[in-house]
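Notes to accompany the following structure.
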Amino acid sequence: MPELPEVETVRAGLAAHVVGRTIETARVLHPRAVRRDPAGPAGFEAAMAGRLLEGAERRGKYMWLAAGNGEALLAHLGMSGQMLVGDPDRSLSPHVRVRFTFADGGPDLRFTDQRTFGHLMLVQLRAPEGASGVSPLSTPRPRGTRANREPLGGPVIVADARTPVEVASDPAPRLLPVPIAHIAPDPLERDFDAAQFSARLRRRHTGIKRALLDQSLISGIGNIYADEALWRARLHWDQPTDTLEAAEVSRLLAAVTGVLTEALMVGGTSFDSLYVNVNGQSGYFERSLEAYGRAGQPCSRCGTPIRRDSFMNRSSYSCPSCQPANLSRRVFE
DNA sequence: CGTCCTACCTGGAGGC
DNA sequence: TGCCTCCAGGTAGGAC
């Protein structure tokens with residue numbers, strides 16, 4: 001399942017293989033793939049033709065390709081989405097949902113998605129309201145209609161991943177796709193504010209895993225890396241967020257960052273392959289998972305069999321010994 | 001408003 | 001062998 005490390009690997013592959021190229025045609029082979037685009041399949045195809053792709057960016061599990069006019073092609077891989085770049089003459093798999101060809105006649109780009117939870121849409125880019133401090137939740141979400149896709153009146157600022165990040169005291173505002181204004185910064189981006197995350201987390205009245213999966217609080221984490229990070233931090237998935245101490249949140253955040261970074265290093269080994277195939281099935285799965293999917297197998301720290309619990313209509317894996325469920329551990333610490 | 005629940009979707013695995 | 005049910009889970013949107 002594509003979470004932050006897999007999506008980042010795909011983004012890097014797109015930066016290497018399609019940024020700087022001009023789309024010739026876009027063909028929507030399954031309308032569900034563009035269901036969130038108000039222009040519909042025909043409108044999407046027409047709007048994408050002739051676009052120069054200017055940069056590849058990402059926040060959490062969303063990525064986007066700046067495409068001129070202050071707009072971008074926004075993509076979410078859902079459960080099974082892939083971005084495949086390759087010989088335009090190769091056979092078309094039955095799960096290709098959208099196909100882009102390029103004016104240079106080179107490799108094409110295919111959005112492939114067996115289970116169709118993923119989607120593409122053409123969106124407007126906008127500087128987030130309140131450069132810092134303001135919750136993304138307070139940002140209104142204008143609809144991405146054709147009408148407000150007109151070019152901006154002022155100079156158009158183009159988001160471009162190739163542009164070096166400015167560390168100046170007056171950094172240029174980062175442009176974000178309007179439909180993902182509610183998505184919080186992910187722990188690997190420069191804007192991520194650990195203190196603000198900690199404060200918001202501890203104000204919540206819910207379980208820690210539910211909070212980790214809430215993309216409006218912290219983005220990029222899915223079921224797999226949530227379990228892995230909780231295992232590392234020795235925290236139970238249902239520990240109430242309002243009982244967490246600041247030190248525990250710091251430990252958790254370090255675990256999250258560590259897991260995501262290490263997974264990214266493994267998943268990113270085939271960046272420069274022409275065939276950009278990252279669907280979460282990379283080597284990291286086979287070798288490095290400590291909790292996820294390991295029900296009944298011994299915890300690598302203490303040997304206790306990993307336990308599987310049902311949670312949010314899915315599974316949660318944890319070590320019953322290292323990650324005790326009740327709060328009594330506090331008394332004995 | 002904060003929190004929680006479910007529909008959406010398909011193919012592989014396992015039961016009988 | 002074939003049919004059935006379960007399972008995987010990110011997100012939007014609605015319920016409460």
Side-chain angles (χ1 to χ4, degrees), chain A residues 1-8 10 28-38 58-64 74-83 93-98 111-121 123 134-144 177-184 186 199-230 237-244 256 260 263 278-281 285 289 291-296 308-317:
Chain A
M1 276 53 74
E3 302 180 27
L4 186 154
E6 292 76 30
V7 178
E8 172 58 21
V10 173
V28 176
L29 305 177
H30 194 307
R32 190 173 148 77
V34 294
R35 63 192 178 281
R36 305 205 63 80
D37 194 312
R58 183 190 56 73
R59 165 167 278 189
K61 303 171 196 172
Y62 282 93
M63 65 188 137
W64 61 95
L74 179 66
H76 195 288
L77 299 177
M79 296 287 298
S80 55
Q82 295 169 275
M83 290 288 195
S93 105
H95 300 310
V96 176
R97 308 307 184 192
V98 181
F111 174 61
T112 301
D113 187 13
Q114 178 196 112
R115 287 159 71 179
T116 70
F117 275 36
H119 63 96
L120 305 181
M121 66 189 300
V123 300
V134 176
S135 162
L137 288 171
S138 63
T139 305
R141 301 182 54 199
R143 295 178 56 81
V178 167
I180 66 163
H182 63 297
I183 301 295
D186 68 59
R200 289 187 65 200
L201 178 73
R202 296 169 71 200
R203 276 199 301 268
R204 294 243 170 154
H205 303 281
T206 188
I208 179 64
K209 183 169 175 181
R210 201 181 287 272
L212 283 180
L213 296 177
D214 184 343
Q215 307 295 302
S216 68
L217 179 64
I218 183 171
S219 68
I221 305 167
N223 199 40
I224 296 168
Y225 296 119
D227 280 1
E228 292 302 301
L230 289 167
W237 54 270
D238 206 21
Q239 166 115 11
T241 48
D242 48 8
T243 68
L244 287 166
V256 164
L260 295 179
V278 177
N279 56 8
Q281 305 290 319
F285 267 62
L289 294 181
Y292 181 84
R294 297 193 68 241
R308 174 188 177 277
D309 291 299
S310 192
F311 163 74
M312 289 174 80
N313 284 329
R314 53 211 63 186
S315 294
S316 219
Y317 298 90

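Only heavy atoms go into these numbers, but all of them, side chains included; no hydrogens, no water, no symmetry mates. Owing to the predicted nature of the structure, the values given are computational and were not obtained by experimental measurement.
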Nucleotide nearest A:R314 when distance is taken to its side chain, options B:dC5, C:dG10, B:dC9: C:dG10
To the nearest Å, give me how far apart CG (A:L77) and C1' (B:dC9) are. 16 Å
Selected nucleotide, minimal atom distance to A:S315 side chain, candidates B:dT3, C:dA8, B:dC9: C:dA8
Measure from CG on A:D113 to C1' on C:dA8 and round the result to the nearest Å. 14 Å
In terms of side-chain geometry, is the basic nitrogen of A:D186 or A:R58 positioned less than 4.0 Å from the acidic oxygen of its partner? yes
For the pair made of NE2 in A:H76 and C1' in C:dT11, what is the distance, rounded to whole Å? 7 Å
Any donor-acceptor pair under 3.5 Å between the side chain of A:R115 and the base of C:dG10? no
From CZ of A:R35 across to P of C:dG10 the rounded distance in Å is 15 Å
Taking atom P of B:dT10 as reference, at what distance in whole Å does atom CZ of A:F117 sit? 9 Å
Among C:dT11, C:dG9, B:dC8, which is the nearest nucleotide to the side chain of A:R32? B:dC8
Nearest whole angstrom, please: distance from the P of C:dG10 to the CD1 of A:I180. 17 Å
Check every strand shown and say whether A:R308 touches a base, only sugar-phosphate, or nothing at a heavy-atom separation below 4.0 Å. sugar-phosphate
Check every atom of B:dT6, C:dG10, B:dG11 against the side chain of A:H95 and return the nucleotide holding the closest atom. B:dG11
Between C:dT11, C:dG10, B:dT6, spot the one nearest the side chain of A:E3, thanks. C:dG10
With a 4.0 Å cut-off on heavy atoms, is A:Y62 in touch with a base, just the backbone sugar-phosphate, or nothing at all? sugar-phosphate
Counting side-chain heavy atoms from C-beta on, which of C:dA8, B:dC4, C:dG10 comes nearest to A:Y292? C:dA8
Does a side-chain N or O of A:T206 approach OP1 or OP2 of B:dC4 to a distance below 4.0 Å, or not? yes
Do A:S219 and A:K61 get their side chains close enough for a donor-acceptor pair, meaning under 3.5 Å? no
A:L77 and A:D113 have their tightest heavy-atom pair at O-OD1, 4.2 Å
Go through B:dC5, C:dT11, B:dC8 for me and flag the one nearest to the A:Q215 side chain. C:dT11
Among B:dT3, B:dG11, C:dG10, the nucleotide that comes nearest once only the side chain of A:R204 is considered: B:dT3
Check whether any side-chain N or O of A:H182 sits under 4.0 Å from OP1 or OP2 of C:dA12, and answer yes or no. yes
d(CG, A:L213; P, B:dT3) in whole Å: 15 Å
Under the side-chain contact (heavy atoms from CB on, under 4.5 Å) test against A:T112, which residue among A:M83, A:R97, A:H95 passes? A:H95
Looking only at atom types and distance, does a side-chain atom of A:R32 sit under 3.5 Å from a main-chain N or O of A:T116, one as donor and one as acceptor? yes
salt_bridge(A:R204, A:D214) N-O dist < 4.0 Å: yes
Expressed in angstrom and rounded to an integer, what is the separation of A:R210 atom CZ from B:dT3 atom P? 11 Å
For B:dG2, take OP1 and OP2 only and decide whether either is under 4.0 Å from a side-chain N or O of A:R203. no
A:R36 has a side chain; which of C:dA12, B:dC9, C:dG10 sits nearest to it? C:dA12
